[in-house]
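Chain letters run A, B, ... following the sequence lines, proteins first, then strands; residues in each count from 1.
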Number of protein chains: 2
Amino acid sequence: MKVTIVDIAKKLKVTPSTVSRALADNERVSIKTRELVKRTANEMGYQPNVIASSLRKGTSDTIGMVVPRINRHFFSNVIGGVEEVLNQAGYNLTIIQTSERFDNEVKAIDTLFNSRVAGIIISHSIETNDFEHLQRVSSQMPLVQFDRVNELLDGPKIINDNYKGSYIVTQNLIKKGCRKFIHLTGNDNAHIYKQRKNGFLDAIEEAKVPKLEVTIIDNALTRSSGFDAINDIVGKKEFDALVCAGDYAALGTIECLLKNNISIPSEVCVVGFGDEPFAELMSPSMSTVNQDGEEMGRIAAQSMLECIKDKKLNTTKVVPVKVEWRQSSNKEQF
Amino acid sequence: MKVTIVDIAKKLKVTPSTVSRALADNERVSIKTRELVKRTANEMGYQPNVIASSLRKGTSDTIGMVVPRINRHFFSNVIGGVEEVLNQAGYNLTIIQTSERFDNEVKAIDTLFNSRVAGIIISHSIETNDFEHLQRVSSQMPLVQFDRVNELLDGPKIINDNYKGSYIVTQNLIKKGCRKFIHLTGNDNAHIYKQRKNGFLDAIEEAKVPKLEVTIIDNALTRSSGFDAINDIVGKKEFDALVCAGDYAALGTIECLLKNNISIPSEVCVVGFGDEPFAELMSPSMSTVNQDGEEMGRIAAQSMLECIKDKKLNTTKVVPVKVEWRQSSNKEQF
DNA sequence: ATATAAAATACAAACGTTTGCGCAAAAATA
DNA sequence: TATTTTTGCGCAAACGTTTGTATTTTATAT
């Protein structure tokens, strides 16, 4: 049914090895035969069996990618960037999502490992703080981490400039006159949130402005937990700035503020992180930190390709972020 | 280095075939040996080589999925649904995006075909109106189409109830008093847009209301083309309802209307299609047709699994849609 | 004890490539 | 012409499974 190298060989009365080499443009076969073989292969409708090829070569042309959620704007952008570079280079991409669950992440790694992918690109689930499943992998094949990375694992890491994003946001809010800050975040074992918090705290610290107040609220990253967090304290506690570690939390807080007739930004400034598509479009439009997912994906893929070639690489690349100033923080400056 | 079936066989002084069968829980090997083998495999850290297995079995446990854009909310939801069902069933998913380009689609199909996936789940690029590349495929492996489907190809098709979505929207707008309609759409060779247009036109037709005006604008699906389309006619042409075949177009039109100080919905009602996350959050919030991507994905995956088992299947399943009525069309009824 | 049936395992080929090695013929050099 | 080098290709093994068939072992019946 399906035409193989052997079929071509038979038809041309040469050996499969010659056909194989001819198709691979190997110098050991004459140009004349090479072209003859290619032409015949075409005529016969030959389609290489990459499975067989992978088995023999011991590696495949597939890269595995593990992400927490495929339908998060940021991640799907990263995937887009990775795809772009990898396809260009002749690689395929197998994508698995963990839905933020640790056991799914372990299973995903196992699966990819068993299908002998050429390498793995991963952003960890939020539950993950044990990295043994990857220790084993990183010794056997290239492992590229992005966004949510673990410093202790070998291999390239691509991260957003989380620290700087928060720092600049906070610095500017202080300049605009905000004094009573609340920071909504996830939890510290996730690197990105720790960095965002540190950027926030350092900006407060280094501002050298007296009487700055700071409150940190953990585990407030979703729309509903953002809403609830503010709902709990509104009326009881004074604040004039909400620096959120994520857009969805910021969205929740804005909804809560509006419901309580607190005006944004004149009474309270709100800033998110991530620049989800809705941030620009909602009302008031949300100030937030834009992270270039596609660029991150391209860099991750590039790093992967380098790793496949040179084996060793242990760099950390930082992708710059850009603060989008919009209505939700558009308070007049002093 | 890596432990294989042969290694286990040697250690246990049995043959590879026994080990293979034991691991597969085959009745032809005694329960005692089965357990012994499994235990030893575990101890030795055996990881099955799925590549070898695929080669031998002639098929893999990977399903290929081709989508126009991975970072479109709807598609990433479908992917999520597919993933959920397929992973449960022990299958993997290889995803390729075509970026709406026909040649990319052809290349994607080729790649998946060559990697001997067990089946392909596809939603066509907007450029695609030649389906030869799939004719070949559908005779060799299961092909499931979703959302953007071609009726002439064999295999299951899962579609949204595009017709009904538009029909209900239009019917209701008429009830609310709208009389001068503009329909922004893509082009007719894409089924979904044709269906949406038909739903729109039929609702107009069947309303039996005198003096309904209708204008159709093609190739207006993006934010900017939506904006431009309205910008071109505003002031020159009267209209009180925009029925858009996509949310991004609707967004563009709303932006254009606001810029021209045309009030929504009192002067013009706008309705989109797709229920992108921003639709709910923008201001005015956008009425639109919600399509359940995850459900569609689950159904597509189920159909794929059935196809793999039974070979023949030629059904078309329709996933119901739900109209979300929001501010952009919240005009008082007669 | 022997013949027969059933159970458990062994044997060997196959899946479609790739690749190190070897061999012959052609070309180049002595 | 004899020797070496180059060129072009064939041979055969290997990658790690799976599976149809053959063989041995064990259980059952005669």
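- With ring centers used as reference points, B/F113 lies 6.0 Å or more from B/H133.
- Heavy-atom neighbours of A/K194 NZ from other residues, nucleotides or ligands within 6.0 Å: at or below the threshold of 12.
- Annotation: side chain to side chain contact (heavy atoms under 4.5 Å, CB included) contacts of B/D154 (sequence neighbours excluded): B/N314.
- For the side chain to side chain donor-acceptor pair (under 3.5 Å) test, residues two or more places apart in sequence or in another chain that qualify with B/N160 are B/D147, B/Q291.
- A/I5 comes within 4.0 angstrom of sugar-phosphate atoms only, judged by non-hydrogen atoms across all strands, and of no base.
- Residue pairs meeting the side chain to side chain donor-acceptor pair (under 3.5 Å) criterion with at least one member in residues 114-126 of chain B, sequence neighbours excluded, are A/Q47-B/N114, B/E105-B/H124, B/H124-B/Q145, B/S125-B/T128.
- Using a 4.0 Å heavy-atom criterion, one finds that B/T4 contacts the sugar-phosphate atoms exclusively.
- Between A/K309 and A/E306 there is no salt bridge, since no side-chain nitrogen of the basic residue lies less than 4.0 Å from a carboxylate oxygen of the acidic one.
- First and last contacts of DNA chain D with chain B, using any nucleotide atom under 4.0 Å from a protein heavy atom and ordered 5' to 3', fall at D/dG16 to D/dT21.
- Nucleic acid contact for B/S20: base, since at least one base atom lies under 4.0 Å from a heavy atom of the residue.
- Under the side chain to side chain contact (heavy atoms under 4.5 Å, CB included) criterion, A/S17 pairs with A/T15, A/R21, not counting sequence neighbours.
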Taking only N/O atoms, report every protein-nucleotides 5-9 of chain C pair under 3.5 Å with atom names and distance.
from	atom 1	to	atom 2	distance (Å)
C/dT9	OP1	B/T33	OG1	3.2
C/dT9	OP2	B/S30	N	3.0
C/dT9	OP2	B/S30	OG	3.2
C/dT9	OP2	B/T33	OG1	2.8
C/dT9	O4	B/R28	NH2	3.0

Can you give each donor-acceptor pair under 3.5 Å made by side-chain atoms of residues 7-14 of chain B, sequence neighbours left out, with the distance rounded to 0.1 Å?
from	atom 1	to	atom 2	distance (Å)
B/D7	OD2	B/T4	N	2.8

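- A heavy-atom distance below 4.0 Å to DNA chain D is reached by none of the residues of residues 35-43 of chain A.
- Nearest-nucleotide mapping onto DNA chain C: of B/R56 and A/A24, the residue sitting toward the 5' end is B/R56.
- The C1' atoms of five pairs define one axis at each end of the helix from C/dA1-D/dT30 to C/dA30-D/dT1, and these two axes lie 50° apart (to 10°).
- In terms of the side chain to side chain contact (heavy atoms under 4.5 Å, CB included) criterion, residue partners of A/N187 (sequence neighbours excluded) are, by chain and number, A/N189, A/N219.
- Here A/E132 does not pair with A/R136 in a salt bridge; the nearest charged N to carboxylate O distance is not below 4.0 Å.
- Each of B/I120, B/I109, B/I121 was compared with B/L143 under the side chain to side chain contact (heavy atoms under 4.5 Å, CB included) criterion, and only B/I120 meets it.
- Judged as a side chain to side chain donor-acceptor pair (under 3.5 Å), and not counting sequence neighbours, B/E35 has no contacts.
- Every residue meeting the side chain to side chain contact (heavy atoms under 4.5 Å, CB included) condition with B/A118, not counting sequence neighbours, appears here in chain and number order: B/T59, B/I63, B/Y91, B/I308.
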